[in-house]
A.B. asks: 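Provided herewith is a single structure, encoded as structure tokens, for subsequent inquiry.
Whatever order the structure lists them in is the order used to number ligands and atoms, beginning at 1. Since the model is a prediction, treat every value here as computed from it, not as a measurement. Count residues from 1 along the sequence.
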Amino acid sequence: MSVYVLVKIIHILSASVLFGTGMGIAFFMLRAHLSGEKQSFISTSRAVVAADWLFTTPAVLVQLLTGLWLTHQLHFAYSSAWFVSVIGLFILVGLCWLPVVWIQLRLSRLAESHHGSPEYQRLMRLWIGLGIPAFLAMLVIFYLMVTKAGVGITLFN
Ligand code: HEM
């Protein structure tokens, strides 16, 4: 197996971890929230914070580094519409994800004393509001990865 194929497999595996962990976290957090059970929410939100550090953080780094390496090996231009869109969307996902990590931490602490309070509800709404664009941006990234749409379009010199 060539180094290229190995790096590409790592890139795809880390994409699966990124997307899969995101979906899993969203499902379990929402379930615990909708159950209305304080203890269930506290333990789930704590597990979710740990999962983000353990899986999402390394996957984000691996995704970026392997992605840049693959782009370089394929001689795709950094000025192409494809690359600019991918990096732009990747940054957008990151900008949604960073506050989400903080919100989850805050929610897990808040739930102990103020479960269901207006502040708790506000953070839950914000958490959902940031998750939706991040999820949609991930779908577009998958599309761009598979189709390579815009690779031949140069945006600047
Ligand atoms: C900095 C961001 C990224 C860059 C620069 C990048 C770059 C690349 C490149 C150059 C390829 C082509 C490899 C080939 O065809 O041999 C690729 C494939 C792929 N990437 Fe990314 N990637 C990035 C982020 C992501 C993200 C966030 C995901 C999804 C979560 C993702 C999922 C995939 C998948 C599934 C493939 C395989 C597509 C196929 O072979 O048809 N990538 N990536």
A.B. asks: Could you go step by step and tell me if Arg31 and Glu37 meet the salt bridge (Lys or Arg N to Asp or Glu O under 4.0 Å) rule?
C.D. replies: CA-CA 10 Å; Arg31 231 183 111 105; Glu37 290 165 25; over 6 Å; no

A.B. asks: Starting from atom 12 (C) of ligand 1, locate the nearest protein heavy atom and write down its residue, its atom name and how far away it is, to 0.1 Å.
C.D. replies: Lys148 CE, 3.6 Å

A.B. asks: Between Phe28 and His33, is the ring-ring contact (aromatic ring centres under 6.0 Å, His included) condition met? List the steps.
C.D. replies: CA-CA 8 Å; Phe28 289 112; His33 167 66; over 10 Å; no

A.B. asks: For atom 30 (C) of ligand 1, which protein heavy atom lies nearest, and how many Å away is it?
C.D. replies: Met138 CE, 3.3 Å

A.B. asks: With a cut-off of 4.0 Å, which atoms of ligand 1 are near a heavy atom of Thr71?
C.D. replies: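 Per the distance check, 5 (C), 7 (C), 10 (C).
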
A.B. asks: Nearest 0.5 Å please: distance from the CD1 atom of Ile153 over to the OG atom of Ser79.
C.D. replies: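 One finds 11.5 Å between CD1 of Ile153 and OG of Ser79.
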
A.B. asks: Which residue and atom name correspond to the protein heavy atom nearest atom 41 (O) of ligand 1, and how close is it?
C.D. replies: Val146 CA, 3.8 Å

A.B. asks: If you measure from each heavy atom of Phe19 to ligand 1, is any distance below 4.0 Å?
C.D. replies: no

A.B. asks: Supply the atom-to-atom distance Leu130 CG to Arg125 CZ, rounded to the nearest 0.5 angstrom.
C.D. replies: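 Interatomic distance, Leu130 CG to Arg125 CZ, rounded to 0.5 Å: 13.0 Å.
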
A.B. asks: Quick one: does Gln104's side chain have a donor or acceptor within less than 3.5 Å of a partner on Val49's backbone?
C.D. replies: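 Checked: no pair found.
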
A.B. asks: Just let me know how Trp82 lines up against ligand 1, side chain, backbone, both or neither, with a heavy-atom cut-off below 4.0 Å.
C.D. replies: side chain

A.B. asks: Which value, rounded to the nearest 0.5 Å, describes the distance between Arg109 atom CZ and Leu105 atom CG?
C.D. replies: 4.0 Å

A.B. asks: If the cut-off is 4.0 Å to any non-hydrogen atom of Ile87, which atoms of ligand 1 fall inside it?
C.D. replies: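 Every atom of ligand 1 under 4.0 Å from some heavy atom of Ile87: 1 (C).
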
A.B. asks: Can you tell me how the ring of Phe41 sits relative to the ring of His115, calling it parallel under 30°, perpendicular over 60° and tilted otherwise?
C.D. replies: tilted

A.B. asks: Name all residues meeting the side-chain contact (heavy atoms from CB on, under 4.5 Å) criterion together with Ser85; count only those two or more places apart in sequence or in a different chain, and write none if there are none.
C.D. replies: Leu144

A.B. asks: Which heavy atom of the protein is the closest neighbour of atom 1 (C) of ligand 1, given with residue, atom name and distance?
C.D. replies: Leu64 CD1, 3.3 Å

A.B. asks: Suppose the cut-off is 2.8 Å; how many protein N/O/S atoms fall inside it around atom 21 (Fe) of ligand 1?
C.D. replies: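 Excluding waters, the total comes to 2.
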
A.B. asks: So, regarding Lys8 and ligand 1 (criterion: nitrogen or oxygen to nitrogen or oxygen, under 3.5 Å), is there a contact or not?
C.D. replies: yes

A.B. asks: Could you tell me if the side chain of Leu136 sits less than 4.5 Å from the side chain of Val140, heavy atoms only?
C.D. replies: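 Of all side-chain heavy-atom pairs linking Leu136 with Val140, none is under 4.5 Å.
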
A.B. asks: Looking only at protein heavy atoms, identify the closest one to atom 16 (O) of ligand 1 and say how far it is in Å.
C.D. replies: Tyr4 OH, 2.6 Å

A.B. asks: Are the ring centres of His11 and Tyr4 closer than 6.0 Å?
C.D. replies: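 So the answer is no for these two rings.
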
A.B. asks: Out of Val62, Val93, Thr56, which residue meets the side chain to side chain contact (heavy atoms under 4.5 Å, CB included) rule with Leu18?
C.D. replies: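 So the option named by the test is Thr56.
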
